[in-house]
Amino acid sequence: MEQKMKALRAQMEEKLSRVDSREKLASFWQEFLGKKGAIAEMMKSLGGLSKEERPAMGKLINDLKVQAEERYKDCSERMEQMEMAARNRKEQVDITLPAKKRSTGNLHPITIVKNEMINVFLGMGFEVFEGPEIEDDDHNFTRLNVAKDHPARDMQDTFYIAEDILLRTHTSPGQIRVMDMEKPPIKVLVPGRVFRSDSDATHSPMFHQMEGLVVDKGITLCDLQGMLDRFVQQIFDADVKTRLRPSYFPFTEPSVEVDVSCFECGGKGCSLCKHTGWIEVLGGGVVHQQVLRNCGIDPEVYSGFAFGIGIERIAMLKYGINNMGLLFENDLRFLKQFKD
Ligand code: PHE
């Protein structure tokens, strides 16, 4: 029996030395330590021994069993380490490799300038209102004092969708919508897209405007100029001032074109201001009494001013863009220049 055990121990060692996979380890367990394994068989054969021999032999077999179990555990741990090392090798990443560049988007220059303009006026206490792009004749013209047969309708080539339904030609209908909803004091901005049948280097059939409207007691043209001075100084980031020239709009009286002193040459004259020292930036005026009346506001008590700024115009001046088409072509080489 002792002989048998010796042989078994040698067999075990030999088998273990060749274990290099989980399957081989499992078959080692089955062969030696399993219910029908060699050690269990030996235990069974103890029955054939004499009473005196049994305890000593039983102990020896037990020792062998404990030893086999330990060897099995060691081998299993070694296996685990080997597997972990293999996995680490396989999943290794080179953290020194340069990362893949992901391109990020940026705001469109029109959006950038629009936001900047809104910010300047928010600082003066204005609120923002947005009206519809599809308007009716009433809001776009008639209630702004532009009757159906008024020659001023020719000033804005209009896209009609149906009889009396059109794409708004300016943001001024926003004035009517706001005055219908609110009573003075009113201080609103109406930014948005407008449409005219017009297209060349400085005109696009779709462009953006920002309307401003202030209505309260005692509002005058001076208030308009004061606020616009602040606006141009902040938007062009320069010590500039405005100049008002008489003009005509049916919905303001008096009406003005507003020029800004040239921020490029300081007013001395350069190519940007066409050697005049001044650049035209917007139109405005004192809200026509009839327009106030059309919205149920008493012109004997209240007065107001309004203005309309072309956002493309401000963006082109600010960034030195000479062709409006660039703003709508969506050429990334152009648009990426406005990343901040
Ligand atoms: N709506 C006018 C235009 O588009 C601009 C304007 C707005 C003029 C408000 C006066 C007052 O030309």
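For ligands, and for the atoms within them, numbers begin at 1 and follow the listed sequence.
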Ring centroids only, cut at 6.0 angstrom: are Tyr72 and Phe32 within range, meaning strictly under it? no

Side chain or backbone, does Arg196 bring an N or O within less than 3.5 Å of an N or O on ligand 1? yes

Looking at atom 9 (C) of ligand 1, what's its closest protein heavy atom, distance included? Glu211 OE2, 3.2 Å

As a check for students: among Ser255, Gly212, Gly284, identify the option with a heavy atom nearest to atom 10 (C) of ligand 1. Gly284

Which of the numbered atoms in ligand 1 are below 4.0 angstrom from a heavy atom of Gln209? 3 (C), 4 (O)

Provide the number and element of each atom of ligand 1 under 4.0 Å from a heavy atom of Gly308. 6 (C), 7 (C), 9 (C)

Can you sort out which atoms of ligand 1 are near Ala306, meaning under 4.0 Å from one of its heavy atoms? 9 (C), 11 (C)

In ligand 1, the atoms that come under 4.0 Å of a heavy atom of Ser172 are 1 (N), 7 (C)

Just by distance, with hydrogens left out, do Thr242 and Asp259 show a side-chain donor and acceptor under 3.5 Å apart? no

Thinking salt bridges, do Lys44 and Glu41 make one under a 4.0 Å N-O criterion? yes

Are Phe249 and Met227 grouped together when hydrophobic residues (ILVMFWY) are joined by side-chain heavy atoms under 4.5 angstrom apart? no

Side chain, backbone, both or neither: which part of Phe307 has a heavy atom under 4.0 Å from ligand 1? backbone

Within ligand 1, which atoms have a heavy atom of Gln175 less than 4.0 Å away? 9 (C)

Are a donor atom and an acceptor atom from the side chains of Gln81 and Arg78 found within less than 3.5 Å of each other? no

Test of proximity, His170 against ligand 1: N or O pairs below 3.5 Å: yes

What is the ring orientation for Phe263 with Phe236, classed by angle as parallel under 30°, tilted 30 to 60°, or perpendicular over 60°? parallel

side-chain hydrogen bond (donor to acceptor under 3.5 Å, both in side chains) between Gln289 and Glu253, worked out: CA-CA 8 Å; Gln289 295 202 343; Glu253 179 58 36; over 6 Å; no

I need the nearest protein heavy-atom contact for atom 2 (C) of ligand 1: residue, atom name and distance, please. Phe251 CZ, 3.8 Å

Mind checking whether Phe121 and Phe307 have ring centres under 6.0 Å apart? yes

